[in-house]
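First comes the structure, then the notes that go with it.
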2 protein chains.
Amino acid sequence: MHKRPRNGSTTAQITATLREEIIAGILPPKAPLRQQALAARFQASRMPVRESLQILAREGLVTWPTGRSARVAPLDPAELREISEMRMIAESLALRLSVPAMSDHDLAHARSLHAAAREADSRQFAALNSAFHQAILAPCNRPRLLAHIEELGKLSQRYLMVAVNDLGYAPRSHDEHSRILAACKARDADQACRLLERHITAASTALLAHLTPLAD
Amino acid sequence: MHKRPRNGSTTAQITATLREEIIAGILPPKAPLRQQALAARFQASRMPVRESLQILAREGLVTWPTGRSARVAPLDPAELREISEMRMIAESLALRLSVPAMSDHDLAHARSLHAAAREADSRQFAALNSAFHQAILAPCNRPRLLAHIEELGKLSQRYLMVAVNDLGYAPRSHDEHSRILAACKARDADQACRLLERHITAASTALLAHLTPLAD
DNA sequence: GTAACCGTAATTGTATCCAATACTCCGAAC
DNA sequence: GTTCGGAGTATTGGATACAATTACGGTTAC
């Protein structure tokens, strides 16, 4: 009955599932997230549900005004701009530290992810896109910075889903990734950072232009 | 008995208190934070205590391996370096956006905080130092970026306490603040960012040099 | 149409219980 | 003396039930 065999972490599972569904848009912006309902859905008690909601609220995927229901955070162009600015500086710093530290193995890994993205459908594209960024940044050896970048990536992924589907942005992104990878191979950190910053800016402005007419 | 009159948020109070005590060093690094003990101390149940611990864990002030007791996060020179790097880029971005947006009122506020810091003792110094940074950055109008900077500030404050007390760093910091403020008044964002970056780097390297011999 | 009101429902917090895991301490083997 | 292992305790993760407060929605009165 109440004999959950201490799997790993109930909270972690609930958090991961909700996060995916929010990012994928299955749970639309402003959808209410009621504790009882979620507890029933995941066959858990309210405690792990509340912890999940708190985590997601701190990540920014959920708004949780005290006393009211938690809700999926709304999509806000101003927020996308801010997130993109933050990604730009954070990824640029990470890449600058990463390029001199990249091993041949790291480069090969990035290359293979990049190759896989060429033939991916739009559902896989987001994941491969993230993975590529992670791959070229990870050698910087800054766990906190990388965690920060990953969170920002998840936030922007919500907006990105729209672009890939509606704008067919994948080919352009793939092309920009090629050039960044080449700069990494040439160990040209400055050039790589410049390209990465432009890559993020370009995606952001394209998205903003596409998103602004969508009023909430 | 169990009639807590819905003050506001029990969790928020517990979190704030613990955070202060961790930053101030009252709770030393690696000190265990047991749920029962904290619940008894704050006359609350374990639920708000757990939520507080989770918040602090996500902020980085507490480590909480699943299944074991939460502990005050250890002081780690590598982490200080990383946090300083992140503060540098984040505050630089914020300042660059803030300088053109600063009103005379904003400048006056920063000036008054700066003046107050001159005559502050070392206990007040940390708070005024934070407040000054917040004051010159807030006009950038980027809530998420500012929240990120505030978190980083709290993390570095733990390390800073050592420096102010042991190194007498306050006068130097005050001098650097003067020059940053002057650049803001002159609306020279580039110069202000350069000075701010140097300010953070200088504090970081001084702290690192002082901290490295202190092995855990 | 708007404002006040009331009943329902949702949230916050408490108390208590259970199972599984982590920790501690002490004795035995080397 | 040091290390290894096991029993017993402490602590955590989670469930459940309950109390109290507060938001929400619909109805009614004006």
Side-chain angles (χ1 to χ4, degrees), chain A residues 1-19 21-22 27-74 216, chain B residues 1-19 21-22 27-74 216:
Chain A
M1 200 62 83
H2 51 79
K3 250 189 311 180
R4 197 140 315 273
R6 191 60 159 259
N7 272 341
S9 181
T10 315
T11 302
Q13 262 183 306
I14 296 176
T15 308
T17 305
L18 287 180
R19 182 159 40 216
E21 294 186 353
I22 292 172
L27 291 168
K30 296 189 179 176
L33 300 168
R34 300 224 167 69
Q35 300 177 8
Q36 293 282 16
L38 293 176
R41 178 185 158 191
F42 291 104
Q43 305 210 324
S45 70
R46 270 175 39 216
M47 188 176 318
V49 169
R50 291 181 58 162
E51 292 186 350
S52 286
L53 290 176
Q54 211 169 9
I55 291 171
L56 295 171
R58 290 191 63 77
E59 286 181 7
L61 288 170
V62 157
T63 61
W64 196 2
T66 56
R68 265 153 296 170
S69 292
R71 283 171 182 279
V72 177
D216 277 295
Chain B
M1 198 55 105
H2 52 76
K3 247 190 315 180
R4 193 143 313 275
R6 190 57 160 258
N7 272 342
S9 180
T10 315
T11 303
Q13 262 184 306
I14 297 175
T15 308
T17 305
L18 288 179
R19 183 158 42 216
E21 293 186 353
I22 292 172
L27 292 168
K30 296 190 180 175
L33 300 168
R34 300 218 170 75
Q35 299 177 9
Q36 291 284 18
L38 292 177
R41 178 184 157 192
F42 290 104
Q43 305 209 323
S45 68
R46 273 174 47 201
M47 182 170 349
V49 169
R50 289 178 60 167
E51 293 186 348
S52 287
L53 291 177
Q54 211 173 2
I55 291 171
L56 295 171
R58 290 192 62 77
E59 287 180 6
L61 288 169
V62 156
T63 61
W64 198 4
T66 56
R68 264 154 293 166
S69 293
R71 284 171 181 280
V72 177
D216 278 296

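The figures that follow rest on heavy atoms only: side chains count, while hydrogens, waters and symmetry mates do not. Sequence lines set the chain letters: A, B, ... in the order given, protein chains first and strands last, and positions in each chain run from 1.
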Integer-rounded Å distance: D/dG13 C1' and A/Ile14 CD1: 12 Å

Reported CD-to-OG1 distance for the pair B/Glu59 and B/Thr15, which is rounded to 0.5 angstrom: 8.0 Å

Nucleotide D/dT11, atom C1' - distance to CG of B/Leu33 in whole Å: 13 Å

Whole-Å gap separating P (D/dG14) and CD (A/Gln43): 15 Å

What's touching nucleotides 8-10 of chain C from the protein side, N or O pairs under 3.5 Å?
unit_1, atom_1, unit_2, atom_2, d
C/dA10, O3', A/Ser69, OG, 3.4

Partners passing salt bridge (charged side-chain N to carboxylate O under 4.0 Å, His left out) against B/Glu51 (at least two apart in sequence or in another chain): A/Arg50

Point-to-point distance, once rounded to the nearest 0.5 Å, from CD1 of B/Ile55 to CD of A/Gln54: 4.5 Å

Under 3.5 Å donor-acceptor, B/Ser69 side chain and B/Leu33 backbone: no

Phosphate contact (C/dG13 OP1 or OP2) by B/Ser45 side-chain N/O below 4.0 Å: no

A/Ser9 vs D/dG13: side-chain N/O to OP1/OP2 distance below 4.0 Å: no

Worked verdict on B/Arg41 versus B/Thr17 for side-chain contact (heavy atoms from CB on, under 4.5 Å): CA-CA 11 Å; B/Arg41 178 184 157 192; B/Thr17 305; 3.9 Å; yes

Side-chain N,O (B/Trp64) to OP1/OP2 (D/dT11) below 4.0 Å: no

Rounded distance (Å) that lies between atom C1' of C/dG13 and atom CE of A/Met47: 11 Å

For B/Pro28 against B/Val72, the heavy-atom pair lying closest together: O-CB, 3.4 Å

Under 3.5 Å donor-acceptor pair, A/Arg46 side-chain atoms to C/dG13 base atoms: yes

Pairwise 5' ranking along DNA chain D for B/Ala70 and A/Thr66, keeping only the more 5' one: B/Ala70

